[in-house]
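Remarks on the structure that follows.
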Amino acid sequence: MGALYRSSSIRAAEQAALAKLAPGTLMRRAAQAIADAVARQARALRPGRPIVALVGPGNNGGDALLAAMLLRERAYPSSALLLDPSLPAASDARAVRVEAQAMGFSLDGGDLSRALGHEAIFIDGLFGIGLSRPLSGLARDWTTRLNEARALVISVDIPSGLDADTGAIVGGRGGAAVHAQQTVSFLGDKPGLHTGAGIDVAGEVRLEMLGVEAGIGDGTLIDEPAVWPLATLLRRRRSSHKGSHGTVRVMGGAAGMRGAALLAAMGAQRAGAGKVAIARPDEGARGDGGALFVAEPQLMYARADDGLEGVDVVVVGCGLGQQAGARQLLRRALACPHPLVIDADALNLLAATPALQGLLRARNGAAVLTPHPLEAARLLGCPVELVQSDRVGAALRLARALNAVCVLKGAGTICASPQGHWAIVAAGSPSLATAGTGDVLAGTIGALIAQGLFASSAACLGAWIHAEAGTSWARSAIGNVGMSAAELPDMIRSHLNRVIASASIRPGRQAPAPIAPPSAGRSPP
């Protein structure tokens, strides 16, 4: 589990360190870390490939230039290209530039063509976390040419052009960012490296603390160690029975969308719920579920007008539809005291019906929303581009506005609580970008709540297990194309059992829940 830091927190930690250390100490430590990373890359390639530092006007440029100078001392063929030939304003970066000039280090100016022709390894030190406007001029030209050539780039702290807090490209559609194979990030991990466009441009992220304590993070990165404390709560006594592990009611599966409810129910059952039943909005008092359950006979059928006595968690929205019966089922769910997982059509009904939003805000029971970016945009009444421009901010706004934990799906899934806590899931794969995978996630989270986890903890563990299953599928398929959502439940079962077993043999790895639990919801056993 790792802490995530916004830029303001990184700057505060940097200033505190600079006040205690001798001038240039922090820059030399950063340059050493970059030089080590570049040397590791160079050793894996043919000997003699040139190393070129792209030096911007700030401290990132100083880090890159000093790293190239250190590599020259190790006999690597290194040089630098200056974005601006004038001396930097920052004192440490200026001192490095003066030192380079005094020792005759190669500062070749602005021509990138020769370096690209020789397949150089590039150190991206153009801009850092302080960038507030889109790349332009020579910086934009270099970035475009590097990306088009698919050059091997190691970025200093953050890929130039990427917003460290949001994971969006500075300037949106009109902006550009360096596509790095590796980013060596300093002082603290940044949320922008793990969500949105940041996942594609940052490459492998390597964190170097430089001997500085950054303090308590602003958010959390959810990886396997982060979910171990939650997984330990799911260990079962030998004397347990189906009633010990909760009952989940899935409300959904209208005509033409039966499979969505089935996928959610399969996700709930494979994630450990003791009993799972589906209630469809267009069945009323007739029918028995029909052919829906032929392949999954362990699932049960409930009539739409059945009561919720004995139910622990309601998952509502998967294939629910938008008709009057769907609205009525959602209203019933919002009126019940049980924890809710709200997905798909239920989210769209909420977005279109302020009265239903009011019912959700007024509930005492816990609720989890699982929107994809377009559903989140509908709920917030804004363009989807605005959601994607600040995924953490959008998830927090939704969580606070609707008094519910929000799981904003997509590259770098965000889990946010109404109290303002947030986390990013450090797993996932484009293989999950296919219909039905979100239904499986909703059912998985419902099952984890039914087994005793707080809603926020279930959201984090469920999102990580779901994402890890997608990553595993892509690894086994040697690619990201062609996953069926029906494959996911069994993979979720396997990964959940694996992480429970891993947590069981690490009793010393105790940590707080990834995001703080809401005041309402089932208590852990």
Side-chain angles (χ1 to χ4, degrees), residues 248-268 276-284 287 289 292 299 301-306 308 311 313-336 338-361 363 367-381 384 387 395 398 401-402 404-410 432-446 459 462 466 485-486 488:
V248 174
R249 177 75 56 85
V250 176
M251 292 182 172
M257 297 178 287
R258 302 281 199 249
L262 179 58
L263 287 168
M266 290 167 63
V276 183
I278 296 176
R280 302 203 302 255
D282 52 358
E283 283 297 319
L292 184 62
L299 301 177
Y301 172 78
R303 297 181 306 190
D305 56 358
D306 282 352
L308 294 172
V311 173
V313 181
V314 175
V315 177
V316 58
C318 303
L320 186 67
Q322 302 287 305
Q323 305 305 315
R327 195 178 303 270
Q328 183 178 354
L329 265 187
L330 178 56
R331 190 177 294 274
R332 283 189 61 210
L334 292 170
C336 82
H338 307 305
L340 302 180
V341 180
I342 304 173
D343 187 40
D345 285 325
L347 296 170
N348 294 327
L349 285 169
L350 278 173
T353 316
L356 292 177
Q357 295 179 34
L359 289 176
L360 176 57
R361 280 192 293 269
R363 295 183 80 250
V368 179
L369 311 175
T370 56
H372 56 56
L374 181 56
E375 290 163 342
R378 290 171 183 151
L379 286 164
L380 290 169
V384 69
V387 170
L398 268 179
L402 295 176
V405 174
C406 179
V407 178
L408 179 57
K409 296 178 289 195
L432 292 167
T434 187
T437 58
D439 302 313
V440 176
L441 174 61
T444 299
I445 293 172
H466 182 265
L488 262 184

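In this chain, numbering begins with 1 at the start of the sequence shown. Just so you know, these numbers come straight off a predicted model, no measurement behind them.
- For the atom pair Leu347 CG and Leu374 CG, the distance stands at 11.0 Å (nearest 0.5 Å).
- Here the closest heavy-atom approach between residue Ala326 and residue Gly321 is recorded as CB-O, 3.3 Å.
- Contact detail for Glu375 and Ala344: the closest heavy-atom pair is OE2-CA, 3.4 Å.
- Residues Gln357 and Leu360 form no side-chain contact, since every pair of their non-hydrogen atoms from C-beta on lies 4.5 Å or further apart.
- Between the side chain of Arg249 and the main chain of Ala277, no donor-acceptor pair closer than 3.5 Å is present.
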(request) Just do the side chain to side chain contact (heavy atoms under 4.5 Å, CB included) check on Leu359 and Leu330 with the steps written out, would you? (result) CA-CA 10 Å; Leu359 289 176; Leu330 178 56; over 6 Å; no

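- Contact of the Leu379 side chain with the Leu402 side chain is registered, since non-hydrogen atoms from C-beta on lie closer than 4.5 Å.
- Thr444 contributes atom OG1, which lies 10.5 Å from atom CE of Met266 (distance to the nearest 0.5 angstrom).
- Rounded to the nearest 0.5 Å, atoms CG (Asp343) and OG1 (Thr370) are 3.5 Å apart.
- Taking the side chain as every heavy atom from C-beta outward, Arg363 and Cys336 approach each other to under 4.5 Å.
- Residues Leu441 and Leu488 have side chains not in contact (no heavy-atom distance under 4.5 Å, counting atoms from C-beta outward).
- For Pro281 against Gly253, the heavy-atom pair with the smallest separation is CD-C, 4.3 Å.
- Across Ala261 and Gly252, no two heavy atoms sit closer than the pair CB-C, 3.6 Å.
- Between His466 and Thr437 there is a side-chain heavy-atom pair separated by less than 4.5 Å.
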(request) Starting from the C-alpha separation in whole Å, work towards a yes-or-no answer on side chain to side chain contact (heavy atoms under 4.5 Å, CB included) for Leu308 and Met251. (result) CA-CA 11 Å; Leu308 294 172; Met251 292 182 172; 3.9 Å; yes

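- Ala376 and Pro371 make their closest contact through N-CB, 3.7 Å (heavy atoms, listed as atom of the first residue, atom of the second, distance).
- Leu334 places a side-chain heavy atom less than 4.5 Å from the side chain of Leu350.
- Residue pairs meeting the side-chain hydrogen bond (donor to acceptor under 3.5 Å, both in side chains) criterion with at least one partner in residues 319-331, sequence neighbours excluded, are Gln322-Asp345, Arg327-Thr353.
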(request) Let me see the working for Val341 and Val248 under side chain to side chain contact (heavy atoms under 4.5 Å, CB included), right down to the final yes or no. (result) CA-CA 10 Å; Val341 180; Val248 174; over 6 Å; no

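- In this structure, CG in Asp306 is found 7.5 Å from CZ in Arg332, a value given to the nearest 0.5 Å.
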(message) Before you tell me yes or no, could you show the steps for Leu299 and Val250 under side chain to side chain contact (heavy atoms under 4.5 Å, CB included), namely the whole-Å CA-CA distance, both residues' side-chain angles and the distance that decides it to 0.1 Å?
(response) CA-CA 11 Å; Leu299 301 177; Val250 176; over 6 Å; no

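- One finds the CG atom of Leu320 at 12.5 Å from the CZ atom of Arg280 (value rounded to the nearest 0.5 Å).
- Listed here is the closest heavy atom pair of Leu369 and Ala404: CG-CB, 3.8 Å.
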